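Structure first, then comments.
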Amino acid sequence: MILYIHIPFCDHKCGYCTFNSYTDKHHLKSLYIQSLLQDIKATLRWWKIYHNGQNLDSIYIGGGTPNILDSRAYARIFECIYQFTSTPKEITIESNPNLLQKQWCKDLISFGINRISIGVQSFFDDTLVFLERKHTYKDIFKSIECARDFEHISIDLIYGTPFDSTQRLAEEIAYATSLPIDHLSAYSLTLEEGSSLHRRYHDIKPDMTKHNEYNEYGDSEYNNGEYVATLLREAGFMQYEVSNYARGYKSLHNLSYWRGDEYLGCGAGGFGRIKNVRYCGTHNIERYIQNPLYKHKEYLSIKDLDFERLFLGLRCEIGISTHNLNPKKVEILCSENKCMYLDHHSIRAKNFFLADEIALWLSS
Ligand code: SF4
């Protein structure tokens with residue numbers, strides 16, 4: 001079983017952000033932690049009974065900006081967690097480069113956290129300004145130095161900005177792969193029509209019609225993504241999901257999620273799923289603080305679950321079972337080299353960037 005914990009505070013809102021994060025609620029941090037502890041306790045107590053005393057395999061602390069909280073907050077969180085489980089194999093925490101401190105990293109390692117994911121996004125200051133990130137190129141290298149004692153370091157990158165060119169992407173990947181990291185996530189920028197980011201993209205690159213058309217049909221992501229994947233492969237990073245690359249270490253948490261395993265979620269807007277029930281804590285921080293045990297529940301049908309498994313499985317190396325698929329369609333995909341057999345009962349996409357297209361075709 002895996003556990004997700006959400007920390008919804010940020011010092012600044014990035015231009016592309018759609019996460020449940022707040023920049024004006026810092027005065028609520030200590031009340032939030034108190035409520036989060038109640039939530040974690042209730043969740044793990046219930047899970048211990050439900051799962052007959054098993055330990056957690058992985059914990060992921062995301063946000064928001066988890067490194068905006070003092071390490072003392074995490075001392076309390078892990079004191080609570082370790083009443084119910086021994087140290088999981090993987091504990092990841094997300095962080096922003098500008099706020100990362102050496103002592104904070106040391107403290108978190110002492111609580112058992114062995115993996116840090118740093119929101120680098122780009123090595124170019126003009127791209128970082130465009131994305132409305134708060135950090136600079138220099139902050140990235142300082143943050144990697146602070147984080148060097150974590151067993152595993154991952155970074156996030158964003159491509160598809162108006163500054164992208166073949167040369168620029170190659171330099172981004174060269175900087176990234178020169179760092180002492182064993183994992184990288186590369187995401188294509190999503191531009192919401194009418195957003196300020198969309199307007200600014202147009203100001204920098206007026207010839208954006210093509211970009212929009214490409215994004216709508218997936219081609220732009222495919223082209224840029226393919227190029228990024230090739231550069232990363234050449235640097236020893238293996239693509240194991242459409243946006244995720246490993247140089248020797250694949251995230252257990254990610255794999256568990258993509259396999260369709262159940263997961264627990266705590267915090268404001270933290271999602272979990274047990275059997276066919278997907279649940280989520282209240283997004284609004286004030287309301288979450290008042291009632292951290294309230295979970296909005298969504299009941300998924302078998303069809304919903306199968307559809308989700310199809311999309312998640314085809315986007316990564318895990319693949320999908322052919323059990324409920326049309327055998328003729330499976331044969332066509334394999335004969336046209338779009339998919340390959342993993343064994344007699346499962347296939348995987350050869351090109352993860354085409355996974356959504358394949359999943360839609362299979363389910364039509
Ligand atoms: S740091 Fe992350 S969560 Fe916070 S505003 Fe930026 S993208 Fe959103």
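Only heavy atoms go into these numbers, but all of them, side chains included; no hydrogens, no water, no symmetry mates. Whatever order the structure lists ligands and atoms in, that order sets their numbers, starting from 1. Bear in mind the structure is a predicted one, so any value in this text is a computation, not a measurement.
Between E317 and K250 there is a salt bridge, since a side-chain N of the basic residue sits under 4.0 Å from a carboxylate O of the acidic one.
Ligand 1 is never approached by K134 to a heavy-atom distance shorter than 4.0 Å.
For the pair N224 (side chain) and S188 (backbone), a donor-acceptor distance under 3.5 Å is absent.
Here Y263 and Y257 bring their ring centres to under 6.0 angstrom of each other.
For atom 4 (Fe) of ligand 1, the set of protein N/O/S atoms nearer than 2.8 Å consists of C10 SG, ordered by chain and number.
For the side-chain hydrogen bond (donor to acceptor under 3.5 Å, both in side chains) test, no residue two or more places apart in sequence or in another chain qualifies with Y137.
When all heavy atoms of K13 and T23 are compared, the pair lying nearest together is N-CG2, 3.5 Å.
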For F311 and W258, what are the C-alpha separation, side-chain angles and deciding distance, and is it a ring pair (Phe, Tyr, Trp, His ring centres under 6.0 Å)? CA-CA 9 Å; F311 270 86; W258 299 326; over 10 Å; no
